[in-house]
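Here the structure is laid out as structure tokens; the discussion comes afterwards.
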There are 2 protein chains.
Amino acid sequence: MANKKRTTLKDIANELNISSAAVSKAMHNDSRISDKTKNEVKRVAKKLNYQPNHLASALRKGKSNLVGVIVPRTNSNFFSSVIEQMEAVLNKAGYNIIITQSNESFEKECKNIDTLLYTQVDGIIASMANETVDLSHYEKIKSNGIPLILFDRGENDLNVDYVGINDYNSSHIIVTHLVEKGCKRIAHIGGYRRTRIFNNRIKGYIDALKKHDLPIDDSLIIESSLTLEDGRREMLKFLKLKNRPDAVYVASDYAALGALQVLNENKINVPNEVRLVGFGNEPFTSLVSPSITSVAQHSKEIGRLTAERFLSLASQDDLKQDLNKLILDAKLIVRDSSK
Amino acid sequence: MANKKRTTLKDIANELNISSAAVSKAMHNDSRISDKTKNEVKRVAKKLNYQPNHLASALRKGKSNLVGVIVPRTNSNFFSSVIEQMEAVLNKAGYNIIITQSNESFEKECKNIDTLLYTQVDGIIASMANETVDLSHYEKIKSNGIPLILFDRGENDLNVDYVGINDYNSSHIIVTHLVEKGCKRIAHIGGYRRTRIFNNRIKGYIDALKKHDLPIDDSLIIESSLTLEDGRREMLKFLKLKNRPDAVYVASDYAALGALQVLNENKINVPNEVRLVGFGNEPFTSLVSPSITSVAQHSKEIGRLTAERFLSLASQDDLKQDLNKLILDAKLIVRDSSK
DNA sequence: TATATTTGCTTAATCGATTAAGCAAATATA
DNA sequence: TATATTTGCTTAATCGATTAAGCAAATATA
């Protein structure tokens with residue numbers, strides 16, 4: 001039979017004829033409680049299957065020991081790996097995490113923030129939705145006086161901590177790799193410039209071309225949503241050019257896969273005729289044929305660092321948040337598509 | 001500047017010189033509060049940026065409006081799709097969800113349950129970790145008197161609601177499909193029999209072979225963890241048999257992909273020499289070449305149904321949980337690997 | 001031996017929101 | 001006009017855990 005009434009400190013106190021204050025202190029090993037009482041309390045707590053009521057203690061202490069996490073989606077390897085590591089670090093410090101997904105929707109992101117604030121989380125770690133341009137809901141977090149840490153998809157204007165990879169530099173690494181393989185006409189299927197990370201990748205790509213004295217051809221620079229379909233469509237367009245590219249750097253593995261499908265369907269040899277590089281190091285990049293060269297984003301490191309930043313901010317008496325960027329160097333994983 | 005002190009009902013009450021009880025009622029549109037007061041209260045609440053303290057109301061009402069979700073991993077398309085739909089239904093009913101991952105670990109699953117109970121969730125929806133055999137931590141949920149609903153990976157012994165697909169029947173559908181394509185020696189790379197769903201798939205496979213008057217060959221029935229590596233290893237073993245199978249039914253898409261890699265590497269034509277069927281309809285099944293025939297698990301439907309079961313149980317005054325199975329028919333998605 | 005300190009508890013207030021009970025004024029009904 | 005009902009609030013208790021303040025007994029120190 002289900003035991004409806006939960007055991008409270010008072011139940012234990014009544015059983016032992018002491019005050020519930022003493023029970024509370026005994027449970028927390030307060031030095032002013034005798035060992036005898038502590039043992040008695042713990043024995044009875046176990047007997048009655050006592051489980052502390054988190055709501056009550058969080059209310060009283062003004063601290064929920066919960067951290068809210070907002071990601072665009074959990075079903076990408078990058079985000080789920082970041083979360084896994086984050087959780088490991090935070091659990092050790094006594095925090096639990098609440099995961100929410102924005103599904104890349106601005107509206108959903110706003111709702112998630114409301115939910116998390118309502119749940120009285122002690123802080124929020126977020127990666128912004130693609131749609132997000134207006135930042136007022138993030139300002140709401142800051143005005144609540146709890147730490148906010150952004151990762152991967154961040155925004156300088158919020159003046160909070162950010163952890164991510166060096167997107168600008170990643171483009172340099174990719175372009176240099178392709179130039180070394182002898183490529184002269186390197187195209188770029190990128191994301192929209194309004195998203196900071198994609199803007200940086202585009203800028204890095206252009207500057208890297210300049211560095212290697214290659215001409216900038218606007219017909220080879222594309223902005224898109226970076227879906228698989230976008231990759232297919234843009235690759236098809238490239239194939240129709242009089243002067244085809246001999247390499248394509250795609251800012252997402254999904255779009256890169258779409259491009260690869262089109263190349264395979266048109267019997268164009270990858271890497272000999274066209275070299276291909278993706279971004280994100282999704283597991284499928286090593287599974288398709290030819291396997292796709294891609295950029296690893298240090299997901300575990302990012303998870304660990306965001307969690308540590310939170311812990312550091314949470315321990316401050318007087319929270320002051322500043323723009324504080326932790327930028328990691330990305331790593332190129334060379335596979336068959338660019339060998 | 002961060003506004004440290006959060007606005008409470010009392011702050012609004014003081015501003016308007018009424019009691020905080022009146023403010024609380026006004027915020028909830030109590031019929032015994034005048035429209036004038038309601039408007040005033042809402043105006044001041046907005047002005048002071050009032051946000052209700054969930055901890056306090058949950059403590060008082062004995063209801064957190066939170067539902068805990070436990071899944072093996074979030075980075076599979078199946079689970080993230082189930083969660084998305086679950087969330088949509090529960091949000092509409094005023095509930096928010098807390099997602100946790102067990103990473104297929106029994107220990108992590110126990111910790112997650114403790115965390116969720118500690119957070120005073122109003123119910124738990126779970127899919128069990130592979131490792132889980134001992135069910136005492138799930139019994140703990142039941143003895144807490146809150147609803148427990150299982151999906152996909154369930155267990156009859158707990159006597160709670162379960163939503164999933166018909167695994168036994170799925171094997172029949174797959175075997176019949178392969179037989180129709182002319183296959184005579186159909187192998188099965190399955191999960192471990194101790195997990196109910198995998199046991200059902202194995203039983204269904206054996207019974208379907210019998211139905212089609214095909215011999216049962218123990219060397220063609222494998223139990224494994226169903227990782228990509230398992231798929232590779234077992235496929236290699238099959239290739240070394242004197243009498244190779246002409247079809248392989250793999251109980252997970254990841255293991256099926258491993259098998260496909262080995263077949264491709266050994267220049268064995270799929271589907272002409274060996275037909276291949278996976279399970280789960282992960283997105284990559286349509287991306288690899290040849291694309292992999294797989295079984296769709298109705299993730300959205302499962303998400304919706306589990307959420308609805310929770311809502312129905314949560315509305316009961318006197319919670320009674322029984323074994324109550326909702327079994328959906330799976331759908332075979334035929335692709336190139338078995339055409 | 002007299003005073004100071006430590007030990008081991010209790011008392012009472014508190015975190016914010018909610019709600020049962022109740023009261024006075026306004027309005028409705030007989 | 002006298003009584004009943006409704007309206008619109010207030011008062012006070014409550015959910016459970018925590019903690020500042022304090023008290024009496026035990027022990028240590030001068």
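Letters A, B, ... mirror the listed sequences (proteins, then strands); counts begin at 1. All figures in this text were calculated on a predicted structure; none of them were measured in a lab.
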Distance in angstrom units between [X] [atom1] and [N] [atom2], rounded:
X	N	atom1	atom2	value
A:D30	C:dT6	CG	P	15 Å
B:K61	C:dA20	NZ	C1'	16 Å
A:I12	D:dA17	CD1	P	8 Å
B:R60	C:dT14	CZ	P	19 Å
A:L48	D:dG16	CG	P	15 Å
A:L9	C:dC15	CG	P	19 Å
A:E40	C:dG8	CD	C1'	15 Å
B:N17	D:dT10	CG	C1'	13 Å

Is [X] salt-bridged to [Y], cutoff N-O under 4.0 Å?
X	Y	answer
B:R6	B:D11	no
A:K108	B:E87	yes
B:E84	B:K300	no
A:E104	A:R153	yes
A:E40	A:K36	no

Rounded to the nearest 0.5 Å, how far does CG of B:N112 lie from CD1 of B:I99?
12.0 Å
What is the pairing partner of [N], taking Watson-Crick or G-U wobble pairs with both distances under 3.5 Å in any strand?
N	value
C:dC23	D:dG8
C:dA30	D:dT1
C:dT14	D:dA17

Verify the contact: side-chain N or O of [X] to OP1 or OP2 of [N], cut-off strictly under 4.0 Å; return yes or no.
X	N	value
A:S19	C:dT10	yes
A:T8	D:dG16	no
A:Y118	C:dA17	no
A:T37	C:dC9	yes
A:S24	D:dT18	yes

Taking the minimum atom-to-atom distance to the side chain of B:N53, which one of D:dC23, D:dG16, C:dG16 wins?
C:dG16
Closest to the B:L59 side chain, choosing from D:dC9, D:dG16, C:dT10
D:dG16
How do B:A21 and B:A56 order along DNA chain D: which one's closest nucleotide is nearer the 5' end?
B:A21
Base D:dT10 to side chain B:K25, donor-acceptor N/O within 3.5 Å cut-off:
yes
Would you classify A:I18 as touching base, sugar-phosphate or nothing, given that sugar-phosphate means primed atoms plus P, OP1 and OP2, and contacts are heavy atoms under 4.0 Å?
sugar-phosphate
